[in-house]
*Asks:* 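Below is the structure I would like to discuss, written out as structure tokens.
Proteins get letters first, then strands, A, B, ... in listed order; numbering begins at 1 in each.
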Number of protein chains: 2
Amino acid sequence: MNIGEAAAASGVTAKMIRHYESIGVIPKAGRSLSGYRVYTENDVHVLRFVRRSRSLGFSMAEIKQLLLLWRGRRPSKEVKRLATAHVVQLRAKIAEMRAMVKALDHLAAHCHGDERPECPILEGIASPGSVTEKARRMS
Amino acid sequence: MNIGEAAAASGVTAKMIRHYESIGVIPKAGRSLSGYRVYTENDVHVLRFVRRSRSLGFSMAEIKQLLLLWRGRRPSKEVKRLATAHVVQLRAKIAEMRAMVKALDHLAAHCHGDERPECPILEGIASPGSVTEKARRMS
DNA sequence: CTTGACCTTCCCATAATGGGAAGCTTGACC
DNA sequence: GGTCAAGCTTCCCATTATGGGAAGGTCAAG
């Protein structure tokens, strides 16, 4: 299999396959006489593993670890630790983004969104302090 | 005020202030005779606006727009549209990350996390298909 | 007048992905 | 055998927001 076929079979673009090889996440592929990279079915499994790990949000550094753990048949404890730490990071980011959404929803709720230039959103960003509070003060 | 003072007053690092200027998000600062950047109270307000917009997750391109809308006293409709579009993006990312957490929690729940190398997490990544299903098949 | 803190610009690095150029290989078709 | 398109190779550049660090100029206090 050459790189294009491996890409189609794994769902990882040829460009990314070369990149993963260059950063050492996957081992260097074999080469044909003319210098083309050659892939086996097993290499494709590895590529799929990488793609799915990416879709779970793991960084390339983490995937490198996961692949080592996989290949090395290391204790599942280590895998679980890695996965759990990742989930913690994800939850933290989710919480952060939810706070953003909450704040923005709040600001937007008070914005008329019409032709007038007065905008609680901009005002809220310029000088934070509850927009509701301001609305109250103004009434 | 020189850049260090403006940084302390706004909560934006001097490095970032220069960067924001270089990409045109904030106007070029005035200069002293010796070439030092000089800032006014108003410049600091702008920097704070940028910092807070960042903390709400807006990209620099969006912040550039927000600043134009702010300075230009443009219809609040435009601001609201920008903010709402951003919230949509945030919600999409949140949903994506929650799906990741859900999948990972599911995989981790079935991983003993002990010294044995069998690991439902790795297996789940290697060949997706419900881990629960596999557990059922094996029993 | 020296010294330390601060300023200037410029280059480099990060993480993951992609675009695109220049040049070689392969396979098919005539 | 010759040609052409498609596919491969490497190499460089761009993205986003942030920061590290070097080389050199400036300012204020001693």
*Asks:* Looking at B:L47, B:I3, B:V44, which one forms a side chain to side chain contact (heavy atoms under 4.5 Å, CB included) with B:V12?
*Replies:* B:L47
*Asks:* Can you tell me how far C1' of C:dA13 sits from CD1 of A:I23, to the nearest Å?
*Replies:* 15 Å
*Asks:* Between A:I121 and B:K80, which heavy-atom pair has the shortest distance, and what is it?
*Replies:* CD1-CA, 3.8 Å
*Asks:* I want to verify a distance call: between C:dC7, D:dG19, C:dA16, whose nearest atom is closest to the B:T13 side chain?
*Replies:* D:dG19
*Asks:* Could you work out which one of D:dT18, D:dC8, C:dC7 sits closest to the side chain of A:I3?
*Replies:* D:dC8
*Asks:* Want to settle it: does A:F58 or B:V38 sit nearer the 5' end of DNA chain C, counting the closest nucleotide to each?
*Replies:* B:V38
*Asks:* Can you tell me the distance, in whole Å, between the NE2 atom of B:H19 and the C1' atom of D:dA17?
*Replies:* 6 Å
*Asks:* If only side-chain N and O atoms of B:R31 are considered, is one of them under 4.0 Å from the OP1 or OP2 phosphate oxygen of C:dC7?
*Replies:* no
*Asks:* Measure from CE on B:M1 to P on C:dC6 and round the result to the nearest Å.
*Replies:* 16 Å
*Asks:* Is any NZ, NE, NH1 or NH2 atom of the basic residue among B:R91 and A:D105 found under 4.0 Å from an Asp or Glu carboxylate oxygen of the other?
*Replies:* yes
*Asks:* Who does D:dG30 pair with, Watson-Crick or G-U, both distances under 3.5 Å?
*Replies:* C:dC1
*Asks:* Mind calculating the distance between CD (A:E5) and P (C:dT26) to the nearest angstrom?
*Replies:* 14 Å
*Asks:* Are any of the side-chain heavy atoms of B:V79 and B:W70 separated by less than 4.5 Å?
*Replies:* no
*Asks:* Nearest of C:dT17, C:dT26, C:dC7 to any side-chain atom of A:Y36?
*Replies:* C:dT26
*Asks:* Side chain to side chain contact (heavy atoms under 4.5 Å, CB included) with A:K64: which of A:V25, A:V50, A:I26?
*Replies:* A:V25
*Asks:* Give a yes/no on whether any side-chain N or O of A:R51 is located under 4.0 angstrom from OP1 or OP2 of C:dA16.
*Replies:* no
*Asks:* Of all the choices, C:dA16, D:dA17, C:dT25, which nucleotide is nearest to the side chain of B:M60 once you look at every atom?
*Replies:* D:dA17
*Asks:* Can you identify which nucleotide, out of D:dA17, C:dC6, D:dT18, has its nearest atom closest to the B:S59 side chain?
*Replies:* D:dA17
*Asks:* Between D:dT9, C:dA16, D:dC11, which nucleotide has the shortest distance from any of its atoms to the side chain of A:K15?
*Replies:* D:dC11
*Asks:* Could you state the CG-P distance from A:L33 to D:dT9, rounded to the nearest angstrom?
*Replies:* 14 Å
*Asks:* Does B:Y20 make a side-chain N or O approach to OP1 or OP2 of D:dA17 shorter than 4.0 Å?
*Replies:* no
*Asks:* Which nucleotide sits closest to the side chain of A:S34: C:dT17, C:dC7, C:dT25?
*Replies:* C:dT25
*Asks:* For C:dG23, which nucleotide in any strand shown is its Watson-Crick or wobble partner with both distances under 3.5 Å?
*Replies:* D:dC8
*Asks:* May I have the distance from B:Q89 (atom CD) to D:dT16 (atom P), rounded to whole angstrom?
*Replies:* 14 Å
*Asks:* Which nucleotide wins on minimum distance to the side chain of B:R18, given the candidates C:dG18, C:dT26, C:dT9?
*Replies:* C:dT9
*Asks:* Return the minimal non-hydrogen interatomic distance between A:R48 and A:S10, and the atom names on each side.
*Replies:* CG-O, 3.7 Å
*Asks:* Please report, rounded to the nearest Å, how far the C1' atom of D:dC27 is from the CZ atom of B:R37.
*Replies:* 17 Å
*Asks:* Rounded to whole Å, how long is the line connecting atom CD1 of A:I26 with atom C1' of C:dA16?
*Replies:* 14 Å
